[in-house]
Amino acid sequence: MSRKFYISTPIYYPSDKLHIGHTYCTVATDAMARYKRMQGYDVMFLTGTDEHGQKIQQKAEAAGVTPQQYVDNIVSGIHDLWKLMNISHDRFIRTTDDYHVESIKKIFTKLYEQGDIYKGKYTGKYCTPCESFWTESQLVDGKCPDCGREVIDAEEEAYFFRLSKYADRLVEYYEAHPDFLEPPSRLNEMVNNFIKPGLEDLCVSRTTFDWGVPVEFDPGHVVYVWIDALSNYITALGYGNDKYDDFEKYWPADVHFVGKEIVRFHSIIWPAMLMALDLPLPGKVYGHGWLKFGGDKMSKSKGNVVDPVVLVGRYGVDALRYFLLREFPFGSDGNFTNEALISRINSDLANDLGNLLSRTVAMVGKYFGGKLPVERVADPIDDELLTMAKELRGKYEEQMEKYAFQNALIEVFKLISRANKYIDETAPWVLAKDEANKPRLATVLYNLLECLRIGSSLLTPFMPETAEKARAQMGASAEEFGWEAAGVFGKLPLDVAVVKGDALFPRIDMEKELAELAAAQVPAEEPKEEEPPMPKLPDITFDEFCKVEMTVCKVIACENVPKSEKLLKFQLDDGSGEPRQILSGIAKYYKAEDLVGKTLVAVTNLPPRKMMGQMSNGMLLSAEKGDKLNLLMLDDSVPAGSRLC
Ligand code: ME8
């Protein structure tokens, strides 16, 4: 009976364009899945999309389509991208799939009925126009991260998952399974930063939007984010639904690959949920690093994304796959540059691998008409190379089992480089001059072909197309390219026949290419995400409007508030004879000294508020859009104390 291996990527938010940051995790998962298949495992490789939530609902509204239409369109693009990247997933789950929705309803109800979910009050920062709750840490400059407006303290009825109840069991579990979370530094971070300070129960429902799985026993609520998203790893196997019947076979997962910012959800919330459901925990959560560009995490909102489609178009899918996993250690962050990509292609793929194959095949053609004779003459000079080739599979496996893709590839390329050196050492062109040396020449070329066979068969999980091309050129069968054969030197028949083919990777002219890439704007300056249109506010009565006291004020003095990057402190003449102090978070937009003497408008009947230990009596009016802010300024001739009406 074959052994099983279950591996997953996170399910991706349907953003209009996935970038190479997303591609990174999926390619790594694909390499691992292919490696395990090669070893004979029965692999389940799961990926998919995380399609619910308020953001999607708002984007769909802005685009004038239903949320379902909106996600359908994007998800079809994601399928195209995975096809382009040669991703060999076995299953693709969408959180909008009926069977998943059915399972989520059951999971939520079960957890509620057994007391792991309870109804409570969610308090947080609320943006009225966006109808969104935010946590303190999500706010940007204390304001709504979506529309940039003021938020208020508010509360709503919501369901909570009793995460706190599982804190001790989680710590016990980590202690008993020190390899559960990797790299190990991430485990310390979880325990010290999240568990030790005290786990809070988790809000798991919302009433402010409806694009989500409805709570079956309380239809005004929809299941919020993590129960819906994390459960995908089991619903995709048929847990709680009849669509699939693979749960017994594949669960628990062997490993979840996730980006480091979602390690917390996978190593705390997900295990706690599984404990509550009385299910075994995954073997491992591996938190990989981020691909950065220009020192910042690549992300669409920052506009610093690199488009995998452009790179695949120019260099081929395998070059990009290889680069992503060879250039950066999987557990750490890495900075993407076009130079690094091109040098990697030139040095490793064109020079080392490509040249070795084309020189070897060409020599078999030139000296033996494409088919080696069977006589052999060994020489001690062969020993080092042959030992390396025989030991390669073991070394590679050791690294692959640690998810150390970079090191596994380094091991393969050590053999490739050594084989290139062996050509220089043995000088086949000199041997070829003397007919008597032909058996020795055939031995040298056979050794080279064997190194190429072992090396490139182990590259299959990383570069499936390239490995296939190499296999065809060296006349190897699929079996000779398999896992078993990779551990044995001498699998090719002695009279192997080669087939000349195209160069695997043409050399790239770095300077020319960089210029062209710059012209093609790669990494493309992605248009910043279109701002959602300002939501329409609820109507108010004329009387309500008249209650807002808007007073013209002259700036008497203005200074920065010590230790605050945002706040300016104003002393204002509001016409009352007493100076009015207002604090305003606009230091990013204005210099304090430039505002003295200006004529501004303030709302002067708001309750006083304390900010950074200082009182603020009112709010200055400004116009804001995106990252622009303009204070409302009037003509100097308007006297202080005038009212806006
Ligand atoms: O987090 N470098 O979805 P997501 C490396 N839906 N990885 C990156 C990256 C970068 N520059 N940018 C994004 C979600 N990623 C949730 C997951 S799972 C139950 C729910 C990775 O589309 C990121 O780290 O925002 C994450 O692992 C994955 O892409 C999906 O991110």
Side-chain angles (χ1 to χ4, degrees), residues 7-30 46-56 59 71 74-75 77-78 81-82 85 87 91-96 100 103-104 107 138 186 202 204 212-213 223-236 253 255-274 282 285-308 320 323-325 327-337 405 523 526 529:
I7 185 168
S8 64
T9 71
I11 45 172
Y12 297 91
Y13 290 127
S15 126
D16 323 4
K17 192 140 215 160
L18 294 191
H19 51 71
I20 58 165
H22 302 111
T23 308
Y24 181 48
C25 183
T26 316
V27 166
T29 313
D30 187 62
L46 176 71
T47 187
T49 40
D50 186 359
E51 304 183 11
H52 289 127
Q54 186 169 23
K55 262 208 159 142
I56 298 286
K59 282 185 178 178
V71 291
I74 291 176
V75 170
I78 294 177
L81 178 62
W82 294 157
M85 294 306 302
I87 301 301
R91 204 156 284 173
F92 189 103
I93 186 168
R94 302 181 55 180
T95 53
T96 51
H100 174 80
S103 296
I104 295 303
I107 290 171
Q138 287 173 316
R186 307 225 191 273
L202 181 76
V204 290
V213 180
V223 179
Y224 179 63
V225 187
W226 290 105
I227 287 198
D228 182 17
L230 289 163
S231 304
N232 92 87
Y233 302 124
I234 52 176
T235 64
V255 62
H256 296 309
F257 277 179
V258 300
K260 63 181 188 180
E261 83 282 18
I262 55 172
V263 161
R264 180 156 68 101
F265 307 106
H266 285 79
S267 60
I268 296 179
I269 298 173
W270 181 223
M273 275 173 62
L274 289 166
V285 171
Y286 194 105
H288 66 75
W290 286 338
L291 281 198
K292 298 185 166 187
F293 187 75
D296 261 345
K297 182 187 177 207
M298 212 176 273
S299 86
K300 198 173 168 229
S301 55
K302 290 197 194 113
N304 66 343
V305 293
V306 177
D307 184 351
L320 182 57
F323 172 76
L324 290 174
L325 298 180
E327 191 70 14
F328 314 109
F330 194 46
S332 319
D333 291 349
N335 202 36
F336 177 93
T337 65
F405 303 110
E526 276 279 313
E529 235 175 294

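Whatever order the structure lists them in is the order used to number ligands and atoms, beginning at 1. Note that the coordinates shown come from a computational prediction; the quantities given were computed from them, not determined experimentally.
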N/O to N/O below 3.5 Å, does that happen between [X] and ligand 1?
X      : value
Tyr13  : yes
Gly259 : yes
Ile11  : yes
Glu261 : yes

Ligand 1-proximal atoms of [X], by part, heavy-atom distance under 4.0 Å:
X      : value
Phe265 : neither
Asp50  : side chain
Lys292 : neither

Task: Check: Phe328 ring centre within less than 6.0 Å of Phe336 ring centre - done: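 Ring centres of Phe336 and Phe328 not closer than 6.0 Å.
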
TODO: Check ligand 1 against Leu291 and write out every atom of the ligand that is under 4.0 Å from a heavy-atom position of the residue.
DONE: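 Ligand 1 atoms under the 4.0 Å threshold to Leu291: 2 (N), 5 (C), 10 (C), 11 (N).
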
Open item on the list: Within the 4.0 Å heavy-atom shell around Tyr233, which atoms of ligand 1 are there?
Closed with: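 Heavy-atom distances to Tyr233 below 4.0 Å select 18 (S), 19 (C).
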
Task: Non-neighbouring partners of His52 that pass side-chain hydrogen bond (donor to acceptor under 3.5 Å, both in side chains), sequence neighbours left out - done: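 Partners of His52 under the side-chain hydrogen bond (donor to acceptor under 3.5 Å, both in side chains) test: Asp228.
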
Open item on the list: Tyr233: which residues meet the side-chain hydrogen bond (donor to acceptor under 3.5 Å, both in side chains) condition with it, sequence neighbours left out?
Closed with: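 So Tyr233 forms a side-chain hydrogen bond (donor to acceptor under 3.5 Å, both in side chains) with His266.
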
Open item on the list: Can you check which of Val263, Leu324, Ile262 brings a heavy atom nearest to atom 26 (C) of ligand 1?
Closed with: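 The residue whose heavy atom sits nearest atom 26 (C) of ligand 1 is Ile262.
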
Task: Spatial distance of atom OG1 (Thr49) from atom CD1 (Ile78) [nearest 0.5 Å] - done: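 Answer rounded to 0.5 Å: 6.0 Å.
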
Open item on the list: Within this structure, what is the CD1-CD distance for the pair Ile93 and Glu51, rounded to the nearest 0.5 Å?
Closed with: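 One finds 10.0 Å between CD1 of Ile93 and CD of Glu51.
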
Open item on the list: Can you tell me which residue among Pro10, Ser267, Ser8 is in a side chain to side chain contact (heavy atoms under 4.5 Å, CB included) with His256?
Closed with: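 Between His256 and the candidates, side chain to side chain contact (heavy atoms under 4.5 Å, CB included) is satisfied uniquely by Ser8.
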
